[in-house]
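Quick notes on the structure that follows.
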Amino acid sequence: PKPPPGRQEEEGEEEEDGGPERALEKSPFELTAGDVYDISSVVGRDLLQLSTGPRVPAALARLQFRIVRVLEMLEALVSESSLAEEQLRMERDSLRRELEELRRGADRGSLSLGPDKMVIDLTDPNRPRFTLQELRDVLQERNQLKAQLLVVQEELQCYKSQNLLPPPACQGGL
């Protein structure tokens, strides 16, 4: 039997994107609201064929397959949701334990943060602001500048005393 003209256009549109049956082939995690309506439409159409069609065994088998597929999809969604919920619960419990440990440590006056950790009061004007490496670099540069200053002071002393006898250090440097 040929579908009515309006229905024929709809079927043509369905075949362009694979039709509503295509939604049953998707992963449950890729389903959209439109896919759920397509699945509903397919199952409803099969139920309608059962009540009116002469090919009851074929329609029944097709409907049974589709219902099993929908149940598998629901099971996958529920399992994934339960797994995600359990992971969130475990993370929450872990964070609660960590918070309690920090609170207990704060109540005792000392936090056990590990060997390479330090608590810094950000409101303290005397708090450390540089890393040890930065401090080492600054000290090294200061020492170099001090050495250069001593050399320059020595040279200056030589220039000032040129009217007098130059010291032995000035004779070699100039």
Side-chain angles (χ1 to χ4, degrees), residues 13-42 65-174:
E13 290 172 11
E14 288 174 357
E15 289 180 16
E16 287 175 12
D17 64 355
E21 289 83 7
R22 188 65 152 205
L24 287 166
E25 297 170 10
K26 288 185 176 182
S27 163
F29 307 105
E30 296 173 348
L31 290 177
T32 63
D35 292 331
V36 173
Y37 287 117
D38 287 345
I39 292 170
S40 172
S41 167
V42 168
F65 166 78
R66 289 179 176 158
I67 289 175
V68 167
R69 177 66 182 134
V70 168
L71 291 173
E72 288 171 347
M73 289 174 158
L74 290 173
E75 178 187 19
L77 288 171
V78 167
S79 297
E80 180 70 19
S81 172
S82 296
L83 181 61
E85 185 178 344
E86 183 60 29
Q87 287 174 337
L88 288 173
R89 221 179 263 125
M90 288 171 49
E91 180 68 20
R92 180 199 63 200
D93 294 344
S94 171
L95 289 172
R96 280 184 179 165
R97 281 191 301 275
E98 188 177 336
L99 178 63
E100 286 303 315
E101 287 174 23
L102 289 173
R103 284 183 179 159
R104 279 193 299 266
D107 290 343
R108 285 180 288 178
S110 68
L111 296 175
S112 60
L113 298 173
D116 297 332
K117 305 288 181 185
M118 182 171 75
V119 175
I120 297 174
D121 181 7
L122 295 177
T123 60
D124 181 8
N126 297 322
R127 73 180 181 276
R129 290 179 170 77
F130 301 100
T131 65
L132 286 177
Q133 185 59 45
E134 289 172 329
L135 289 175
R136 283 186 193 109
D137 294 344
V138 167
L139 286 174
Q140 185 178 2
E141 185 179 353
R142 183 200 66 161
N143 291 339
Q144 288 172 347
L145 290 172
K146 239 183 183 180
Q148 289 175 356
L149 176 65
L150 289 174
V151 170
V152 168
Q153 284 177 339
E154 218 174 88
E155 287 177 7
L156 180 63
Q157 194 65 30
C158 286
Y159 284 124
K160 284 182 179 180
S161 64
Q162 271 191 346
N163 297 343
L164 307 172
L165 289 171
C170 293
Q171 291 173 356
L174 298 174

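Computed over heavy atoms, backbone and side chain alike; hydrogens, waters and symmetry mates excluded.
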- [ ] Please name all residues satisfying salt bridge (charged side-chain N to carboxylate O under 4.0 Å, His left out) with Arg96, sequence neighbours left out, ordered by chain then number.
- [x] none

- [ ] Please name the pair of heavy atoms, one in Glu21 and one in Val42, separated by the smallest distance, quoted to 0.1 Å.
- [x] N-CG2, 3.9 Å

TODO: If a pair satisfies side chain to side chain donor-acceptor pair (under 3.5 Å) and one of its residues is in residues 23-33, list it, with sequence neighbours excluded.
DONE: Lys26-Asp35, Thr32-Asp35

Task: Separation of Leu135 CG from Arg142 CZ (nearest 0.5 Å) - done: 11.5 Å

Task: Distance (rounded to the nearest 0.5 Å) between Leu99 CG and Arg104 CZ - done: 10.0 Å

Task: Partner set under salt bridge (charged side-chain N to carboxylate O under 4.0 Å, His left out) for Glu98, not counting sequence neighbours - done: none

- [ ] Supply the atom-to-atom distance Leu88 CG to Asp93 CG, rounded to the nearest 0.5 angstrom.
- [x] 11.0 Å

Task: Within 6.0 angstrom of Gln153 CD, more than 12 heavy atoms from elsewhere - done: yes

Open item on the list: Quick check: do Glu134 and Val138 have side-chain heavy atoms less than 4.5 Å from each other?
Closed with: no

Task: Ion pair check, Glu101 and Arg97, cut-off under 4.0 Å - done: no

Open item on the list: Nearest 0.5 Å, please: how far is CD in Gln144 from CG in Leu149?
Closed with: 13.5 Å

Task: From CD1 (Ile39) to CD1 (Ile67), nearest 0.5 Å - done: 12.0 Å

Open item on the list: Nearest 0.5 angstrom please: Arg22 CZ to Leu24 CG, how far?
Closed with: 11.5 Å

